[in-house]
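Residue numbers run from 1 in the order of the sequence given. The structure displayed is predicted, hence computed values, not measured ones.
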Amino acid sequence: MLNPPQAEAVRYVAGPLLVLAGAGSGKTRVITEKIAHLIVEHGLPAERIAAITFTNKAAREMRERVGKRLRAERIEGLQVCTFHALGLRFLQIEHAAAGLRRGFSVFDADDSMALLRECLPKAARPDAVEAVRALVFRAKNEGLSPEQAAQKAASPREREAAEAYALYQERLAAFNAVDFDDLIRLPLALLAEDPARAAAWRERIRYLLVDEYQDTNLAQYRLLTLLAGPRGAFTCVGDDDQSIYAWRGANPENLEQLGRDYPNLRVIALEQNYRCSRRILRAANTLIANNPHLHVKRLWSEHEEGEPIRVWECRDAEHEAERVAAEIGFLHQTRRWGFGEFAVLFRGNFQSRPVEKALQQLRIPYHLTGGTAFLDRGEVKDLLAWLRVLANPEDDAAFLRAIAAPRREVGATSLARLAELARAAGMPLSRAAGQPGLLRQLPARAAAGLAGFAELIEGLRDYALDHPPAAVCRETLARSGLLEALRTQCKDEASYQRRRGHLEELANWLEGGLGGLEALAAQLTLLGHADRGEPGDCVRLMSLHASKGLEFRCVFVIGCEDGTLPHEASLDEGRLEEERRLMYVAITRARELLVLSHSRQARRFGELQRLQPSRFLAELPEQDLLVDGADPERHAELARTRTRARLDAIAALLGD
């Protein structure tokens, strides 16, 4: 059952389509149904369809929903992935045209930053390094090559960044590697300069669906238009009111640009919200109406009016946290709401500390989103690097991490020299490390370390030929010296056992795979897209940015003060509209109950400062708010209701 605008969006394939999907309006269902419509009604082979989203989790969920909608054989070859995963697939096919050898490496953020630092003077201050990193990031997100970035450079810092960018790309090439941003930039460059290649890829991908379109940056938008071509066989689904990622390159103006580049663009608005109560939705609509809009939409809902939105005034952050924790405990006890139905949202991660303390005191379980993810832990990344080298000798990035975990008397200078020799010999670093003729050209200590490492890798590779991935993982752990190095790093036995447990957990993740190096490589590829675990039945603490795409029965938004939400830096830089969109996203996470809280004072730089309530609170409809101290009768009724609920809960416990 689709509502009329949803059905229209699914059926329309005559030209380019923009679906303006408001919060909670069923956009994922529209994309899922449109994929099925293209396959079943139009006979388009699944392998000719690509559905692009922004997170691996969203891609997995969409793939699962399509799998439930159609038989497995109908969707074989369907591409449901992120922009970067699509770019990786492109480069794996077109690696030679991009100047890469088969089996090239993809540097993660840590590897990329380390390499960029090496391209700058050793005396460069951290703030200067960060400034250069930001400029290189911006150039890549605009699809600029090092040469183009140098031509555009207008200041000494930009010229310095362009020089570092050029050297950085040279060193990436030496390691047969790309970074995350190159997964978009390089396909874009190849398609733009070769019309024949672009036409071939349009035949390969006959229809594109793009989720969260408002989050695309300039390079992603250009890649979309090159793949879609003049006929515009695409459906873009997005919401300009939820564009909150300008700080990482997202360009909401792409919504307007789409209409200019495709004058026949059809626009369909999804305005029925299936998530929020009417009060919550009214507040969200009233707030976001203060932003300018290219396409006007107004969300509506068939749900009940719902409870008033509560606005709390607290003494300080500690008092605010205590009220939040007490209210969660009360609602859990009296309404039997599970802890997993609550979320506490904040503008900055530092705001979580008082809330964590208050929840701990009441023994309420919680999960803080944004902590170190399992696969991002240092010891896990070290072991993964060893496994990646075993599975793919061409993975130079993995080699560089593994050779240093644990350290083997091989310095950066020796590694750079090895890279030169390997490139001249046309072989990856892991192979070069086992060549006596090449090692004789290095210092004796470094040569011995590299030879020992190469011997270990070859022995483990032989073992991996007829053992399953989990066994290979445990054998690597036993032979590599990682455990001994870990024991040296840890200050106490408890820390060592905890981190060793992470490595054993990695082996558990690999259980069930078949034997052989190809099976290991496939398992590691899947691991990169693995579900990192759901937090279970506990209160979710997260930033406003992290909450996008989620929903909860009850939401607390803390720190609603000017200077915090909206953020002071955003006010100074004239980015109030994005902060308002962030508040809009926060409000529309709540299904039934929404609490907005602010503090009267805060201690900053050793002094108590008076705080002003967020200007966004004044933009909400007064009749839908229950403000502390503003309506004694309503507060008295709420107090009576709470008392009755607590007495009923006690009576129920006694009855049990």
Side-chain angles (χ1 to χ4, degrees), residues 307-335 337-371 535-547 550 552-568 579 582-583 585-587 589-590 592-614 616-617 625-630 635 638-639 642 645-646:
E307 299 183 50
I309 297 168
R310 302 179 193 174
V311 179
W312 290 351
E313 181 181 66
C314 306
R315 290 190 304 274
D316 51 29
E318 287 69 28
H319 179 222
E320 180 179 51
E322 290 164 3
R323 288 188 71 175
V324 169
E327 188 70 10
I328 291 172
F330 172 77
L331 294 171
H332 172 70
Q333 181 188 44
T334 58
R335 301 193 187 183
W337 289 358
F339 287 123
E341 297 184 277
F342 296 91
V344 183
L345 310 182
F346 35 78
R347 182 63 177 83
N349 287 329
F350 71 93
Q351 295 171 263
S352 73
R353 294 166 196 152
V355 181
E356 290 185 73
K357 181 180 178 181
L359 292 173
Q360 288 167 359
Q361 288 174 341
L362 295 183
R363 300 192 176 185
I364 295 174
Y366 69 89
H367 177 269
L368 176 62
T369 300
D537 187 27
C538 54
V539 178
R540 301 288 297 275
L541 312 184
M542 65 183 72
S543 70
L544 300 179
H545 287 94
S547 72
L550 303 177
F552 304 90
R553 174 173 273 183
C554 177
V555 169
F556 298 83
V557 184
I558 63 174
C560 295
E561 304 106 21
D562 267 4
T564 303
L565 180 64
H567 194 274
E568 187 173 10
E579 292 291 298
L582 200 53
M583 184 68 157
V585 166
I587 291 173
R589 298 312 95 193
E592 297 180 26
L593 182 58
L594 175 64
V595 180
L596 309 173
S597 67
H598 62 94
S599 298
R600 291 193 296 269
Q601 61 185 22
R603 187 169 293 278
R604 294 176 180 171
F605 308 109
E607 296 182 0
L608 277 178
Q609 293 186 3
R610 183 75 182 176
L611 304 178
Q612 294 298 320
S614 171
F616 296 147
L617 297 178
L625 306 181
L626 181 57
V627 181
D628 274 355
H635 280 286
L638 180 62
R642 290 169 64 89
R646 194 179 294 279

Side chain to side chain contact (heavy atoms under 4.5 Å, CB included) between V311 and L626: does it pass, once the steps are laid out? CA-CA 6 Å; V311 179; L626 181 57; over 6 Å; no
Residue pair V355, V539: steps toward the side chain to side chain contact (heavy atoms under 4.5 Å, CB included) verdict: CA-CA 11 Å; V355 181; V539 178; over 6 Å; no
For a side chain to side chain contact (heavy atoms under 4.5 Å, CB included) check, start with the C-alpha distance between L345 and I558, then their side-chain angles and the critical distance, and finish with the verdict. CA-CA 6 Å; L345 310 182; I558 63 174; over 6 Å; no
Using side chain to side chain contact (heavy atoms under 4.5 Å, CB included), reason through R353 and K357 one step at a time and then give a plain yes or no. CA-CA 6 Å; R353 294 166 196 152; K357 181 180 178 181; over 6 Å; no
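When every heavy atom of E320 is checked against every heavy atom of S599, the shortest pair comes out as OE1-OG, 3.9 Å. Across all their heavy atoms, G329 and I364 have their closest contact at N-CD1, 4.0 Å. In this structure, H367 and C538 approach most closely via the heavy-atom pair CB-SG, 3.6 Å. When all heavy atoms of F552 and E341 are compared, the pair lying nearest together is CB-O, 3.6 Å. Heavy atoms only, all atoms of each residue included: V585 and S547 are closest at CG1-OG, 4.1 Å.
Under the 4.5 Å side-chain criterion, counting only non-hydrogen atoms from C-beta, F346 is not in contact with L544. Between L593 and R553 the shortest side-chain heavy-atom distance does not fall below 4.5 Å. Residues V595 and R323 form no side-chain contact, since every pair of their non-hydrogen atoms from C-beta on lies 4.5 Å or further apart. Counting heavy atoms from C-beta on, the side chains of W312 and F556 come closer than 4.5 Å. E561 places none of its side-chain heavy atoms less than 4.5 Å from the side chain of L617. Annotation: side chain of F616 is in contact with side chain of E579 (closest heavy-atom distance under 4.5 Å). The shortest side-chain heavy-atom distance between F342 and R540 does not fall under the 4.5 Å cut-off. In this structure, the side chains of L359 and L541 come closer than 4.5 Å at one or more pairs of heavy atoms.
Judged purely by atom type and a 3.5 angstrom limit, D316 has no side-chain atom pairing as donor or acceptor with the backbone of A602. Between the side chain of T334 and the backbone N or O of F330 there is at least one donor-acceptor pair closer than 3.5 Å. With hydrogens and angles ignored, the 3.5 Å screen pairs a side-chain donor or acceptor of D537 with a backbone N or O of G340. A donor-acceptor pair under 3.5 Å is formed between the side chain of S614 and the backbone N or O of L565. Side-chain atoms of S543 come within 3.5 Å of backbone atoms of A546 as a donor-acceptor pair (strictly under, hydrogens ignored). With Q609 contributing its side chain and R603 its backbone, the two residues share no donor-acceptor pair below 3.5 Å.
One distance of note links NE2 of H545 with CG of L582; it measures 4.5 Å at 0.5 Å rounding. For the atom pair E327 CD and S597 OG, the distance stands at 11.5 Å (nearest 0.5 Å). Rounded to the nearest 0.5 Å, atoms CG (L594) and CZ (R310) are 10.0 Å apart. To the nearest 0.5 Å, atoms CZ (R315) and CD (E322) are separated by 7.0 Å. Note: L368 CG to S352 OG = 4.5 Å, rounded to the nearest 0.5 Å. Put simply, NE2 on H598 and CG on D628 are 7.5 Å apart, with the number rounded to the nearest 0.5 Å.
Atom CD of E568 is surrounded by 12 or fewer heavy atoms from other residues, nucleotides or ligands within 6.0 Å.
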